[in-house]
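Note sheet for the following structure.
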Amino acid sequence: MARRLEDARILMYSHDTFGLGHLRRCRAIAHALVEDYRGLNILIISGATIAGAFDYRARVDFVKIPSVIKLRNGEYTSLASHIDLHETLKMRESSIRHTAETFQPDIFIVDKEPMGLKGEVEDTLAYLKARGTVLVLGLREVMDAPHLLDAEWKRNGIMQKIDQYYDSVWVYGPPDFYDPLIGLDVPVSLRRKMDFVGFLQRSVSKGKTSIHARKDNYLLVTTGGGDGSDLVHDVMNAYEADPTLTQKALVVLGPYMPAAERAKLVQKGEAIPYIEVIEFDNHMEELIDGATGVVAMGGYNTYCEILSFDKPALIVPRVKPRQEQLLRAKRASELGLVDMLLPEQSVDPTIMAEALKRLPSRLPPSKSGSNMHLEGLDHISQTVGRWIDGRASHLALVGAE
């Protein structure tokens, strides 16, 4: 039964430069919260070009800011080629601040980038802190290799700024899986603010059916962002090389794959009778739920879905420019939750074909013997409820004085 909150407001920020991971994570949290609390309104600020391609529940909406694309080398560029990056960032910063001033949130949740893309959220954080908004930083359970994260954060004085601005740091994973700040010099005051909430469990949305939903046994091959073409080529090469590989597969290319690459893979897939290729589906949960097994690069959201729907999985992680997927895959593989191939193994059609043939009979993650802690959304909901109750009590006391 949803509790009633009187006009509580949460603002979320998702910088979204590459792929849909940040927006999908924010949306999962927002949907869980409005389901638990009537009277709560949530607004998500997103830079995702296709933020509008998803459906949002009542009392969850989004504000689209100009898009910036992250290139493979880790640099950024404006999506609108006629506007330079500096101008685009100025527009984004101004939109974020204006949205915060107009919406007046009780809680502001920032996803992954503590000061936002190129520092675009710092001005808004200072403004909201001065007016008493609860400021939350949400971190994936794995951020990057410690030496890379440390160098990136030191350049911009990020650790001190997190401690200065944020009231709480939510880690979207259990403490015994991975510590996102391992190997970094973390102030004791900041450690006290860290709350390992657990993985964010996923479910199939009620009443919504994917147009690609299937009833047969299939492997789902999903690559997340726009850089998954190597993995799809590896899977298709395995099918071409091994005539005994007859397991049906549904390949989802993702909305950010370059058009030429996409066309090449669609054509290649058409020649393999067991493979169906689609470009995008905004109900991925349904496709993962229906699959016999999942082949993926292992970004955070896909990983949560593999655990939530308890699917055998083969992970081929991205290894550069960030090592996030590699670190997550290694840890999950150590715990027996998934099978893993490195990209240099995946590219060998014999190795890939054998891994694909093993996958349908692999034990699901729940049989690995490790506790998966899929309670992140429940934990977040309880925390938000406490904060808003506390705010209401404080206002009642002030009103009675």
Side-chain angles (χ1 to χ4, degrees), residues 11-18 21-22 25-26 45-47 65-66 68-71 73-78 84-101 105 107-173 178-197 300 320-324 327:
L11 183 62
M12 303 180 88
Y13 161 84
S14 167
H15 71 294
D16 291 301
T17 57
F18 193 74
H22 307 283
R25 183 162 52 237
C26 289
I45 297 171
S46 171
I65 53 176
V68 171
I69 298 290
K70 188 177 191 179
L71 305 171
N73 63 5
E75 291 302 309
Y76 296 97
T77 183
S78 296
D84 77 19
L85 180 62
H86 180 67
E87 284 178 35
T88 301
L89 290 169
K90 273 199 332 201
M91 283 192 285
R92 285 170 60 107
E93 186 174 349
S94 161
S95 299
I96 294 162
R97 170 72 186 246
H98 181 68
T99 301
E101 287 175 358
I107 300 169
F108 181 39
I109 302 170
V110 172
D111 189 84
K112 186 200 164 263
E113 289 293 337
M115 295 299 115
L117 177 66
K118 303 279 188 187
E120 67 185 1
V121 173
E122 187 169 0
D123 179 49
T124 300
L125 286 168
Y127 163 72
L128 290 174
K129 189 161 192 71
R131 65 169 297 276
T133 300
V134 177
L135 303 178
V136 182
L137 174 63
L139 297 180
R140 289 185 311 239
E141 82 308 16
V142 182
M143 288 288 285
D144 202 349
H147 68 283
L148 296 174
L149 185 64
D150 194 40
E152 186 185 322
W153 279 14
K154 274 185 175 149
R155 268 198 309 275
N156 303 300
I158 294 295
M159 196 73 81
Q160 291 69 31
K161 286 179 177 179
I162 295 173
D163 205 16
Q164 173 191 342
Y165 288 111
Y166 286 100
D167 301 295
S168 190
V169 177
W170 291 342
V171 177
Y172 299 132
Y178 202 85
D179 173 4
L181 303 186
I182 193 166
L184 274 67
D185 187 14
V186 184
V188 175
S189 50
L190 179 50
R191 273 280 170 214
R192 285 199 198 105
K193 297 177 185 180
M194 288 176 73
D195 183 2
F196 287 76
V197 301
Y300 180 82
K320 58 179 192 256
R322 293 198 181 277
Q323 293 184 15
E324 167 227 339
L327 292 168

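- Rounding to the nearest 0.5 Å gives a distance of 10.0 Å between CG of Leu117 and OG1 of Thr88.
- No side-chain heavy atom of Leu139 sits under 4.5 Å from any side-chain heavy atom of Trp170.
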side-chain contact (heavy atoms from CB on, under 4.5 Å) between Glu324 and Met143, worked out: CA-CA 6 Å; Glu324 167 227 339; Met143 288 288 285; over 6 Å; no
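- Taken from CG in Leu181 to CZ in Arg191, the straight-line distance is 5.5 Å, to the nearest 0.5 Å.
- Distance check: Asp123 CG to Arg97 CZ gives 4.5 Å after rounding to the nearest 0.5 Å.
- Checking side-chain atoms of Arg192 against main-chain N and O of Pro187 turns up no donor-acceptor pair under 3.5 Å.
- Under the 4.0 Å criterion applied to side-chain N and carboxylate O atoms, Glu152 and Arg322 are assigned as salt-bridge partners.
- Annotation: side chain of Val171 is not in contact with side chain of Tyr178 (no heavy-atom distance under 4.5 Å).
- The main-chain N or O of Leu184 is never found under 3.5 Å from a side-chain atom of Asp150 such that the two would form a donor-acceptor pair.
- Side-chain atoms of Tyr166 come within 3.5 Å of backbone atoms of Pro114 as a donor-acceptor pair (strictly under, hydrogens ignored).
- Considering CD1 of Ile45 and OG1 of Thr124, their distance stands at 7.0 Å, rounded to 0.5 Å.
- For Arg25 and Tyr300, the positive end sits near the middle of the six-membered ring, less than 6.0 Å away and at most 45° from its axis.
- Atom CG of Leu148 is separated from atom NZ of Lys320 by 13.0 Å, given to the nearest 0.5 angstrom.
- Inter-residue side-chain proximity for Leu135 and Leu128 is flagged as met; some heavy-atom pair is nearer than 4.5 Å.
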Pair Leu11-Thr99, side-chain contact (heavy atoms from CB on, under 4.5 Å): steps then yes or no: CA-CA 9 Å; Leu11 183 62; Thr99 301; 4.0 Å; yes
Residue pair Val169, Val136: steps toward the side-chain contact (heavy atoms from CB on, under 4.5 Å) verdict: CA-CA 6 Å; Val169 177; Val136 182; over 6 Å; no
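- Interatomic distance, CD1 of Ile96 versus CD1 of Ile65, reported as 4.0 Å (0.5 Å rounding).
- No donor-acceptor distance shorter than 3.5 angstrom exists from the side chain of Lys118 to the backbone of Leu89, with no hydrogens or angles considered.
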side-chain hydrogen bond (donor to acceptor under 3.5 Å, both in side chains) evaluation trace for Ser14 with Asp111: CA-CA 5 Å; Ser14 167; Asp111 189 84; 5.3 Å; no
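- In this structure the side chain of Met115 reaches within 4.5 angstrom of the side chain of Ile158, judged on heavy atoms.
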Test log, rule side-chain hydrogen bond (donor to acceptor under 3.5 Å, both in side chains), inputs Glu120 and Tyr13: CA-CA 11 Å; Glu120 67 185 1; Tyr13 161 84; 2.5 Å; yes
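- Counting only heavy atoms from C-beta outward, the side chains of Met159 and Trp153 approach each other to under 4.5 Å.
- Exactly one of Lys129, Gln160, Glu122 qualifies for a side-chain hydrogen bond (donor to acceptor under 3.5 Å, both in side chains) with Tyr165. That residue is Glu122.
- Ser94 places no side-chain N or O within donor-acceptor distance of the main-chain N or O of Lys90, the cut-off being under 3.5 Å.
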Trace of the side-chain contact (heavy atoms from CB on, under 4.5 Å) decision for Val121 with Val110: CA-CA 9 Å; Val121 173; Val110 172; 4.2 Å; yes
